[in-house]
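Right, one structure below, let's go through it.
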Amino acid sequence: MTSVYTDPRASQRFRFVRHAYVDGVAELAYAFDDGPELVERVSFPGAPAVPAGREMAFAAALRLLHLVAGVSYYKAGIPGTLVVEGEPLDEDSASLADALYLHGLAEFAYRNRLDLRGRVRFPFAAKGGGKAPAVGLPKRSLLPIGGGKDSVVAVEAVKSIGADATAVWVGNSPLIAACAARTGLPTLNIGRELAPGLFELNRLGAWNGHIPVTAINSAILTLAAILYGYDSIVFANERSASVATLEYDGQEVNHQWSKGFGFEKTFHDYLHSHVAADLDYCSLLRPWSELAVTSAFARLGGHYFDVFSSCNRNFKILGPKPADRWCGQCPKCHFVFLALAPFMAKPRLLSIFGRNLLDDDALAGAFDALLEYKDHKPFECVGEGDEARAALAALAERPEWREDALVARFRTEILPQLDRADLALAPWLMPGASHLVPERLRGALDALG
Ligand SMILES: CC(=O)N[C@H]1[C@@H](OP(=O)(O)OP(=O)(O)OC[C@H]2O[C@@H](n3ccc(=O)[nH]c3=O)[C@H](O)[C@@H]2O)O[C@H](CO)[C@@H](O)[C@@H]1O[C@H](C)C(=O)N[C@@H](C)C(=O)N[C@@H](CCC(=O)O)C(=O)O
Ligand SMILES: Nc1ncnc2c1ncn2[C@@H]1O[C@H](COP(=O)(O)OP(=O)(O)OP(=O)(O)O)[C@@H](O)[C@H]1O
């Protein structure tokens with residue numbers, strides 16, 4: 001093994017070297033060729049020991065996390081050969097990883113003009129199938145908190161049925177911590193430290209770009225569920241997250257791929273077959289569009305208005321964060337402003353954002369992209385173009401909004417080109433059919449209707 005990092009783009013192999021859990025810390029080690037190890041650490045507060053009877057489930061979950069979290073490092077070099085050291089993978093594990101690395105890195109590949117098809121192939125030595133045993137997990141839920149509107153809506157729905165739940169988050173964001181505290185639920189904060197070597201590789205010119213972070217958080221929370229004892233991990237990923245950002249060369253590119261229903265179903269089934277039959281993984285908001293979620297947030301989220309933010313610039317590990325909770329310049333700020341506007345009193349919305357983003361001519365191009373007008377949807381966590389159009393069409397009818405610069409522009413320039421029958425708001429507020437919410441939590445789904 002050498003001790004000096006070199007440009008990973010010249011490497012031949014990406015190795016999953018080892019994983020371990022010691023004193024409450026999961027250590028995940030990777031390497032390119034025979035280069036220095038890249039070690040990511042995930043810390044579980046209270047350093048819990050693995051409970052008796054859950055050892056196999058824990059080992060399977062740790063192995064899963066090692067596979068999933070490797071995506072941050074693999075992307076730095078994308079060599080043609082993947083090597084999983086130690087016990088070989090079975091077909092199901094290889095297939096989950098193939099899908100994650102191909103689709104979860106689709107935006108990364110598209111923006112770097114790379115093609116990962118045929119390149120990502122995890123080796124396996126055994127057939128898949130089977131069913132993991134139940135391990136007696138207590139009937140309580142982990143509710144991940146992201147600092148924004150979605151998790152707030154899910155939390156309030158679960159609280160409304162009095163289910164036993166803990167607000168959990170990964171990483172050290174003070175903004176998320178403030179939101180979690182505001183839920184009034186017990187809280188759990190899991191530490192995550194990327195391998196410092198990744199930043200060194202970035203300085204050496206590594207490939208860089210977007211990764212499927214929800215998959216990584218999901219695998220971390222799987223370990224937490226086994227360690228602390230929870231029978232369900234309940235995300236707040238809406239229906240709109242399953243819709244691709246764009247299509248390119250016959251391939252869908254979805255910025256939010258690991259928030260989509262395809263990933264949810266694959267991960268849910270994998271937990272039941274390989275980790276624990278009594279561990280559920282779902283998204284409570286899956287039946288709902290972004291507009292249905294913003295409408296619910298306007299209704300249920302009042303006591304979070306002064307702490308929440310959906311602006312992802314707050315969540316950077318490196319570099320400066322915005323001076324205010326809402327930078328007002330990114331697609332996420334623009335979309336959330338637009339999606340809340342039909343459901344919230346205008347002065348209230350302006351006080352949250354500090355200004356009126358729909359009255360700023362300079363943002364015309366940014367809002368056009370949200371509408372998928374002259375451009376594709378931005379690479380961000382934003383809703384469908386059609387729902388953005390429905391929201392603006394609703395504002396175009398409201399006296400308090402219709403003269404604002406971008407609403408007026410929509411009325412005169414864009415609206416005449418659209419079919420008004422496609423612009424109704426009401427259909428966006430109806431639930432879709434697909435979800436994996438377990439029986440015990442179904443009442444929370446009803447609370448959102
Ligand atoms: C906060 C954010 O949006 N970051 C994205 C940004 O990264 P940037 O370089 O500006 O700053 P850092 O986040 O500090 O990242 C530093 C480097 O580390 C890499 N990295 C980070 C986390 C990780 O888990 N693995 C990593 O390899 C990162 O690539 C940087 O080199 O731009 C990056 C490139 O496009 C994005 O990858 C960063 O996104 C973060 C991983 C992140 O947490 N983003 C979420 C806010 C996010 O985008 N969520 C999506 C969900 C997508 C999904 O499928 O899960 C969403 O809400 O739609
Ligand atoms: N640091 C984190 N730790 C744990 N879960 C997270 C973290 N960041 C996001 N999540 C979860 O991932 C899912 C998607 O995140 P997303 O950013 O869409 O949600 P949000 O922050 O609640 O809402 P918004 O869309 O307004 O940003 C949510 O269930 C959220 O709770």
Side-chain angles (χ1 to χ4, degrees), residues 38 40 42 68-76 100 103-108 111-112 142-155 167-173 175-177 179-180 183 188-196 198-199 201-203 206-218 220-221 224 233-238 240-242 245 254-260 262-264 282-286 290 293-294 297 301 304 308-322 326 330-333 335-336 339-340 377-383:
L38 294 150
E40 174 161 334
V42 180
V68 169
V71 73
S72 292
Y73 307 96
Y74 166 77
K75 69 142 169 22
L100 176 72
H103 302 300
L105 289 178
E107 173 186 333
F108 156 87
R111 298 180 85 173
N112 284 302
L142 283 174
L143 301 185
I145 306 293
K149 60 191 171 16
D150 300 347
S151 34
V152 161
V153 169
V155 161
V168 60
W169 71 105
V170 177
N172 60 4
S173 161
L175 193 154
I176 299 183
C179 270
T183 65
L188 173 64
N189 180 204
I190 297 169
R192 176 175 180 230
E193 190 196 326
L194 283 165
L198 179 64
F199 305 112
L201 296 182
N202 286 346
R203 277 191 287 277
W207 295 114
N208 204 350
H210 188 56
I211 52 96
V213 68
T214 305
I216 298 172
N217 287 336
S218 301
I220 291 173
L221 297 186
I233 304 164
V234 183
F235 270 84
N237 298 323
E238 68 288 340
S240 310
S242 305
T245 312
N254 183 357
H255 173 81
Q256 308 185 72
W257 184 78
S258 66
K259 289 170 61 184
F263 175 76
E264 180 184 333
C282 68
S283 171
L284 193 67
L285 302 192
R286 184 60 70 200
E290 277 276 7
V293 174
T294 49
F297 180 75
Y304 298 87
F308 88 111
S309 178
S310 305
C311 173
N312 283 340
R313 294 188 181 176
N314 289 297
F315 307 120
K316 280 176 180 293
I317 304 168
L318 302 174
K321 311 242 186 339
W326 300 90
C330 72
K332 195 82 187 277
C333 282
F335 180 79
V336 175
L340 280 171
K377 251 187 347 178
F379 287 109
E380 252 294 2
C381 167
V382 296

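Order of appearance sets the numbers: ligands from 1, and atoms from 1 within every ligand.
When heavy-atom distances to ligand 1 are checked against a 4.0 Å cut-off, Lys75 comes that close only through its side chain, counted from C-beta outward. When non-hydrogen atoms are compared, ligand 1 lies under 4.0 Å from the backbone of Ile211 as well as from its side chain. Only the side chain of Arg192 comes within 4.0 Å of ligand 1, counting heavy atoms alone; its backbone N, CA, C and O stay farther away. Residue contacts with ligand 1 for Phe199 involve side-chain atoms from C-beta outward but no N, CA, C or O (heavy atoms, distance under 4.0 Å).
Put simply, atom 40 (C) of ligand 1 has no protein non-hydrogen atoms near it, under 4.0 Å away. Distances from atom 57 (O) of ligand 1 to the protein include at least one heavy-atom value under 4.0 Å. Under the 4.0 Å distance rule, the nearest protein heavy atom to atom 7 (O) of ligand 1 falls outside the cut-off. Within a 4.0 Å radius of atom 4 (N) of ligand 1, the protein has no heavy atom.
Under the 4.0 Å criterion applied to side-chain N and carboxylate O atoms, Lys149 and Glu290 are assigned as salt-bridge partners.
For atom 14 (O) of ligand 1, the closest heavy atom belonging to the protein is Ile317 N, 2.6 Å. Scanning all protein heavy atoms for the shortest distance to atom 38 (C) of ligand 1 gives His210 ND1, 4.5 Å. Nearest protein heavy-atom neighbour of atom 54 (O) of ligand 1: Ser258 OG, 2.8 Å. Here the heavy atom of the protein found nearest to atom 2 (C) of ligand 1 is Asn312 O, 4.2 Å.
At least one N/O-N/O distance between Ser151 and ligand 2 falls below 3.5 Å. Considering backbone and side-chain N/O of Leu221, none are found under 3.5 Å from N/O of ligand 2. Ligand 1 has a nitrogen or oxygen under 3.5 angstrom from a nitrogen or oxygen of Thr214. Residue Ser310 has at least one N or O atom closer than 3.5 Å to an N or O atom of ligand 2. Residue-to-ligand polar distances keep Ser309 apart from ligand 2: every N/O pair is separated by 3.5 Å or more. In terms of polar-atom proximity, Ser72 is counted as a contact of ligand 1, with an N or O under 3.5 Å from an N or O of the ligand. Checked by distance only, ligand 2 and Lys332 come closer than 3.5 Å through their nitrogen or oxygen atoms. Any N or O atom pair closer than 3.5 Å counts here, and Ile176 shares no such pair with ligand 2.
Comparing heavy-atom distances from atom 31 (O) of ligand 2 across Ala154, Pro144, Cys381 singles out Pro144 as nearest. One option in Leu284, Val382, Ile145, Ile216 has a heavy atom closer to atom 6 (C) of ligand 2 than any other, and that option is Ile145.
Phe235 CZ to Asp150 CG: the interatomic distance, rounded to the nearest 0.5 Å, is 12.0 Å. Taken to the nearest 0.5 Å, the CD atom of Glu40 stands 6.5 Å off from the CD1 atom of Ile216. The CH2 atom of Trp326 sits 8.5 Å away from the CG atom of Asn314 when rounded to the nearest 0.5 Å.
Side-chain N/O atoms of Asn312 and Glu380 include a donor and acceptor closer than 3.5 Å.
Every atom of ligand 2 with a heavy atom of Trp169 under 4.0 Å away is listed here by number and element: 3 (N), 4 (C). Each of the atoms 56 (C), 57 (O), 58 (O) of ligand 1 lies under 4.0 Å from some heavy atom of Cys381.
At most 12 heavy atoms of other shown residues, nucleotides or ligands fall within 6.0 angstrom of atom CG in Asn172.
At least one heavy atom of Leu198 sits under 4.0 Å from some atom of ligand 1.
Not one N or O on the side chain of Lys316 forms a donor-acceptor pair closer than 3.5 Å with the backbone of Arg313.
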